[in-house]
Number of protein chains: 2
Amino acid sequence: MQMFSKACEYGIKAAIYIAVNSSENKRVSPKEISEKIDSPQAFTAKILQALVRHNIIISVRGAYGGFEIDKTKIETTKLSQIVYAIDGDSIYNGCGLGLHTCDENHPCPVHDKFKLVREELRDMLDNTTLERLALEIKSGVSFLKT
Amino acid sequence: MQMFSKACEYGIKAAIYIAVNSSENKRVSPKEISEKIDSPQAFTAKILQALVRHNIIISVRGAYGGFEIDKTKIETTKLSQIVYAIDGDSIYNGCGLGLHTCDENHPCPVHDKFKLVREELRDMLDNTTLERLALEIKSGVSFLKT
DNA sequence: TATAAATAGGATAGATTTGTCCGAAATAAA
DNA sequence: TTTATTTCGGACAAATCTATCCTATTTATA
Ligand code: FES
Ligand code: FES
């Protein structure tokens, strides 16, 4: 079960790391980020660009630049927004067995159960904020690598 | 969210189609299967071989051959066995954010929630038999394509 | 204005997954 | 025993995902 793509994994962890630092008014570089979340640097930079385009994080070009996230956005940004920016809406639509449409009136054999699991995942993504995840990292309750 | 690989999707649907037919004492060919479940024929044949190697279905070579499944096995085979035969145990282990190990004492930021979703998926796979899925197809409650 | 530092973005390479092709091996029936 | 049929299995091809490299562009500071 590949819940998220690699790109999405890196994006989530990078966003959390940026949130942790922005809460302390520190801008961070792709180099630092990829070291701290254990991800390939150039690939991570690409993913950061996507998060910038979706207005989840802010990039500052030029000397003394880097990535940061608006403090108010740390509180409001949900995991679902990050996943959407990178993987699109594939979480919400699509049949678990690849039928052309996931439809109550024309369900595949695992539709009912699959839908439950997916709903739970959706709730999880919709109800988890960057703020909470960043706090858990700061307090040492959870970790971004190893 | 790619819950199952394409190979796994095809494998599940193929196994159900074979079960439906074996319950009526009909052997089926990869050609017929792939038409009925809307999957690429040669690729599907490869996946069927994996199911044969894992003793989930039986293949009969030569003229009048094809694939079938032991009637007693229709009742006992669980979805989890099919998934395991094709995708391995990736459903049960591995961190949702790619940490080297998924560990209660060193959890990633989404560990608790992720674990819940995964447990639910695991229960679903462990408690769903081929028999029930085949019956739902026969009764027209669910569908294998479109 | 010149320079150094940093992100943006296109081109490309590697890895994995998905999919195809074809000959070999097996089997039932004529 | 021959033939037609069918799965098996290896080689190969295409598509997608992951990852790297290099140059352009932007910006702060001297
Ligand atoms: S139709 Fe397959 S998951 Fe809904
Ligand atoms: S450590 Fe990430 S899911 Fe368990």
Side-chain angles (χ1 to χ4, degrees), chain A residues 1-15 18 21-22 26-35 37-69 83 85-88 90 94 97-98, chain B residues 1-15 18 21-22 26-35 37-69 83 85-88 90 94 97-98:
Chain A
M1 178 183 57
Q2 188 64 276
M3 194 70 88
F4 306 119
S5 64
K6 276 289 168 195
C8 211
E9 287 181 10
Y10 301 152
I12 291 171
K13 291 192 282 187
I18 294 169
N21 281 273
S22 286
K26 282 193 291 186
R27 239 174 233 164
V28 285
S29 66
K31 183 165 182 294
E32 178 181 348
I33 295 170
S34 59
E35 280 165 3
I37 72 173
D38 204 23
S39 69
Q41 182 178 332
F43 190 41
T44 305
K46 283 264 187 294
I47 297 157
L48 291 172
Q49 289 178 36
L51 295 181
V52 169
R53 279 194 298 273
H54 282 80
N55 298 308
I56 291 171
I57 60 177
I58 296 168
S59 70
V60 179
R61 295 169 81 158
Y64 294 82
F67 294 89
E68 60 186 41
I69 178 168
V83 173
I86 300 169
D87 277 357
S90 63
L97 291 187
Chain B
M1 177 184 56
Q2 187 66 275
M3 194 72 87
F4 306 119
S5 65
K6 277 288 167 196
C8 210
E9 286 181 13
Y10 301 151
I12 292 170
K13 290 193 283 189
I18 294 168
N21 280 274
S22 285
K26 283 193 293 188
R27 239 175 235 166
V28 286
S29 66
K31 183 165 183 294
E32 178 180 349
I33 295 170
S34 59
E35 280 165 2
I37 71 174
D38 202 23
S39 69
Q41 182 179 331
F43 190 42
T44 306
K46 281 266 187 295
I47 297 158
L48 291 173
Q49 289 179 35
L51 294 180
V52 169
R53 280 193 297 272
H54 281 81
N55 299 307
I56 291 171
I57 61 177
I58 296 167
S59 71
V60 180
R61 295 169 83 157
Y64 294 82
F67 295 89
E68 61 187 40
I69 178 168
V83 173
I86 300 168
D87 276 358
S90 63
L97 291 186

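Keep in mind that the numbers below use all heavy atoms, side chains included, and drop hydrogens, waters and symmetry copies. Proteins come first, then strands; the chains are lettered A, B, ... in the order of their sequence lines, and each starts at number 1.
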Would you kindly give the [atom1]-to-[atom2] distance between [X] and [N], to the nearest whole Å?
| X | N | atom1 | atom2 | answer |
| --- | --- | --- | --- | --- |
| Q41(A) | dA8(C) | CD | P | 13 Å |
| E9(A) | dC17(D) | CD | C1' | 13 Å |
| E32(A) | dA6(C) | CD | P | 11 Å |
| E68(A) | dT27(D) | CD | P | 14 Å |

Closest heavy-atom pair and its distance - [X], [Y]:
| X | Y | result |
| --- | --- | --- |
| L51(A) | G11(A) | CD1-O, 3.9 Å |
| I18(B) | I57(B) | CD1-CD1, 4.0 Å |
| F4(B) | L97(A) | CD1-CD2, 4.3 Å |

For F67(A), ring pair (Phe, Tyr, Trp, His ring centres under 6.0 Å) partners two or more places apart: none
In residues 47-63 of chain B, which residues come under 4.0 Å of DNA chain C by heavy atom?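 Here the set is R61(B), G62(B), A63(B).
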All side-chain contact (heavy atoms from CB on, under 4.5 Å) counterparts of S34(A), not counting sequence neighbours: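 So S34(A) forms a side-chain contact (heavy atoms from CB on, under 4.5 Å) with S39(A), Q41(A), T44(A).
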Which residues share a side-chain contact (heavy atoms from CB on, under 4.5 Å) with D38(A), sequence neighbours left out: K145(A), H100(B)
Separation between OH (Y10(A)) and CD1 (I86(A)), nearest 0.5 Å, reads 12.0 Å
Ignoring hydrogens and angles, write down the donor-acceptor pairs under 3.5 Å from the side chains of residues 26-33 of chain B, residues two or more places apart or on other chains.
| unit_1 | atom_1 | unit_2 | atom_2 | d |
| --- | --- | --- | --- | --- |
| R27(B) | NE | E68(B) | OE1 | 2.8 |
| R27(B) | NH1 | Y64(B) | O | 2.9 |
| S29(B) | OG | E32(B) | N | 3.1 |
| K31(B) | NZ | E35(B) | OE2 | 3.3 |
| E32(B) | OE2 | Y17(B) | OH | 2.5 |

Protein heavy-atom contacts under 4.0 Å, written 5' to 3' over nucleotides 12-19 of chain C as B (base), S (sugar-phosphate only) or - (none), form the string ------SB
